[in-house]
Amino acid sequence: MKKILLTLFGIFLCLSAEAKVKSKDISFPKHFYTDKIKSCSYVGGENFKSKYKKARIESLISLDWMSEWALGNSRSVNHQNLTGPMTSFAVATHNAIGNNDKEDIDVAKEILIKIAKANVLLDTIGKEELKKKPKCWKDGNPEAPCWYHAYEFARDAFTNYLIIATYLKDNLNDKEFKTVNKYIKKMHKKFIKPDAFYDEDKGFYAMGNGGIPNLVFANWTNDKKLAAKEFNFRFYQIDKLFYEDGYINNNSFRGFRALWYHSYGLNSALGYVYLANLWGAEVPDTVINKITKAAEVLNLGITDYESFSSRKYDGEQKNNQYKKHNARKHTHQDALAIDTLMEIVTGIKLEKDITYLAKRPMYGIDDLIGFNANCIK
């Protein structure tokens with residue numbers, strides 16, 4: 001315990017010395033990634049008037065995520081019955097607000113409240129409970145169960161729910177707000193707060209490594225101190241986990257899926273930095289420089305995969321045991337607007353990646369960051 005406290009104290013001193021963002025700097029955009037949601041063709045045309053889509057979204061209310069998760073392993077996650085409907089919920093709500101469709105706004109509110117009353121995902125394993133479970137990729141085995149996936153996808157899906165709640169906040173009456181807020185606080189306590197400022201040593205993954213959930217909750221609660229603390233901590237994490245040459249600790253060295261996971265982490269960081277700029281947080285030059293180099297490394301991987309993969313990793317790694325037939329030597333298809341973000345944040349154009357362009361969704365919400373960057377162009 002003493003060692004842990006000393007480590008935390010050392011991190012605090014480091015962050016205090018480097019911290020630049022203050023609560024007075026923060027300006028909350030009304031709807032998380034924008035001050036005003038407008039109709040945007042890039043999110044697609046999903047709405048609640050489609051009986052199929054409405055039923056698909058409502059399936060979240062009775063979802064047994066712990067059983068669904070158990071069908072996966074360390075290599076793959078069966079998350080479509082969670083992520084898919086939540087993405088459709090986000091898109092349909094975005095369209096309802098953007099088009100000022102009062103009928104669909106009412107349907108969105110109804111589903112938001114039903115999910116809250118049903119405590120959806122609250123029975124999922126939490127961060128503290130994970131300590132009693134075996135690690136993912138146990139003994140380097142891709143078939144080993146990965147309990148962290150159950151927690152991670154519940155956290156990220158809830159984050160998207162929270163973003164949807166910010167869309168609808170002004171449309172909730174006092175009673176409705178209390179119902180939703182009660183659920184949000186319970187979910188925050190179990191899924192966001194325990195992992196909020198964990199000093200990760202390896203890897204940068206979805207939702208800004210847990211930073212975006214912090215930001216959305218800060219927005220929902222109007223907590224500028226939390227937002228400032230989050231920006232300072234995550235800048236420290238990006239500076240730590242992104243190497244000077246643009247490679248990302250862990251992500252860029254995952255065997256046949258190295259480029260796929262490199263772009264996954266880069267997209268997450270790009271989305272986070274975009275939000276930082278929007279919210280008034282000054283992004284350190286070191287962070288911008290490393291993300292810019294990471295964008296160049298992604299382009300290297302697209303144009304010369306052998307050169308990209310020749311960079312050696314000197315750390316211990318177990319999550320790189322993929323067979324050749326599991327290879328994904330392309331930009332992550334879920335990073336659906338990484339090309340737009342790269343140009344906005346770094347000024348670099350994404351090289352033509354034929355496989356990525358064929359696989360990425362044409363429309364929707366980017367589940368890795370919570371918004372579609374093509375709607376900010």
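Side chains are part of it too, since the values below use all heavy atoms of this structure and drop only hydrogens, waters and symmetry mates.
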Answer yes if the ring centres of [X] and [Y] are under 6.0 angstrom apart, and no otherwise.
X      : Y      : result
Phe217 : His188 : yes
Tyr33  : Trp279 : no
Tyr42  : Tyr363 : no
Tyr247 : Phe253 : yes
Phe197 : Phe233 : yes

Determine, step by step, whether Tyr272 and Phe231 satisfy the ring-ring contact (aromatic ring centres under 6.0 Å, His included) criterion, reporting the C-alpha distance in whole Å, the side-chain angles of both residues, the deciding distance to 0.1 Å, and the verdict.
-> CA-CA 9 Å; Tyr272 189 89; Phe231 283 125; 5.7 Å; yes
Could you please spell out the steps behind the side chain to side chain contact (heavy atoms under 4.5 Å, CB included) verdict for Asp101 and Asn95?
-> CA-CA 8 Å; Asp101 186 328; Asn95 285 331; over 6 Å; no
Assess whether ring-ring contact (aromatic ring centres under 6.0 Å, His included) is satisfied between Phe177 and Trp220, documenting all intermediate values.
-> CA-CA 11 Å; Phe177 175 82; Trp220 175 261; 5.3 Å; yes
Are Asp201 and Lys240 within salt-bridge range, i.e. N to O under 4.0 Å?
->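 Yes, this pair counts.
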Salt bridge Asp195-Lys127, side-chain N to carboxylate O under 4.0 Å =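 Salt bridge present between Asp195 and Lys127.
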Over all atoms of both residues, closest heavy-atom pair of Pro85 and Ser59 |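 Heavy atoms only, the tightest pair is CG-OG, 3.9 Å.
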Ala258 versus Ser252, closest heavy-atom pair with distance =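 Distance-wise, the nearest heavy atoms are CB-O, 3.4 Å.
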When you measure from the side chain of [X] to the backbone of [Y], do you find a donor-acceptor pair of N or O atoms at a distance under 3.5 Å?
X      : Y      : answer
Thr331 : Ser263 : no
Asn372 : Gly364 : yes
Thr166 : Ile163 : yes
Asn219 : Pro29  : yes
Thr83  : Gln80  : no
Glu176 : Asn173 : yes

Charged tip of Arg155 within 45° of Phe191 ring normal and under 6.0 Å |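 No, a cation-pi geometry is absent between Arg155 and Phe191.
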Does the plane of the ring in [X] sit parallel, tilted or perpendicular to the ring in [Y]? Use 30° and 60° as the thresholds.
X      : Y      : answer
Phe308 : Tyr305 : tilted
Trp260 : His332 : parallel
Tyr261 : Tyr264 : perpendicular

Donor on one side chain, acceptor on other, Glu129 and Trp147, under 3.5 Å |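 Glu129 vs Trp147: no donor-acceptor pair found between side chains.
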Distance-only donor-acceptor check, side chains Glu351 and Asn299, under 3.5 Å |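 Not at all, the side chains of Glu351 and Asn299 share no donor-acceptor pair under 3.5 Å.
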For a ring pair (Phe, Tyr, Trp, His ring centres under 6.0 Å) with His79, tell me which candidate from Trp69, Trp65, Phe153 qualifies.
->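 Checked Trp69, Trp65, Phe153 against His79; only one passes ring pair (Phe, Tyr, Trp, His ring centres under 6.0 Å): Phe153.
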Please test Asn81 against Arg56 for side chain to side chain donor-acceptor pair (under 3.5 Å), starting from the C-alpha separation and ending with a verdict.
-> CA-CA 9 Å; Asn81 285 338; Arg56 179 77 169 138; 3.2 Å; yes
For Arg360, which of Asp366, Asp339, Asp334 qualifies under salt bridge (charged side-chain N to carboxylate O under 4.0 Å, His left out)?
->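 When Asp366, Asp339, Asp334 are each tested with Arg360, the salt bridge (charged side-chain N to carboxylate O under 4.0 Å, His left out) holds only for Asp339.
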Between Tyr236 and Asp199, is a side chain to side chain donor-acceptor pair (under 3.5 Å) present by the stated rule, with each step listed?
-> CA-CA 9 Å; Tyr236 152 76; Asp199 190 20; 3.0 Å; yes
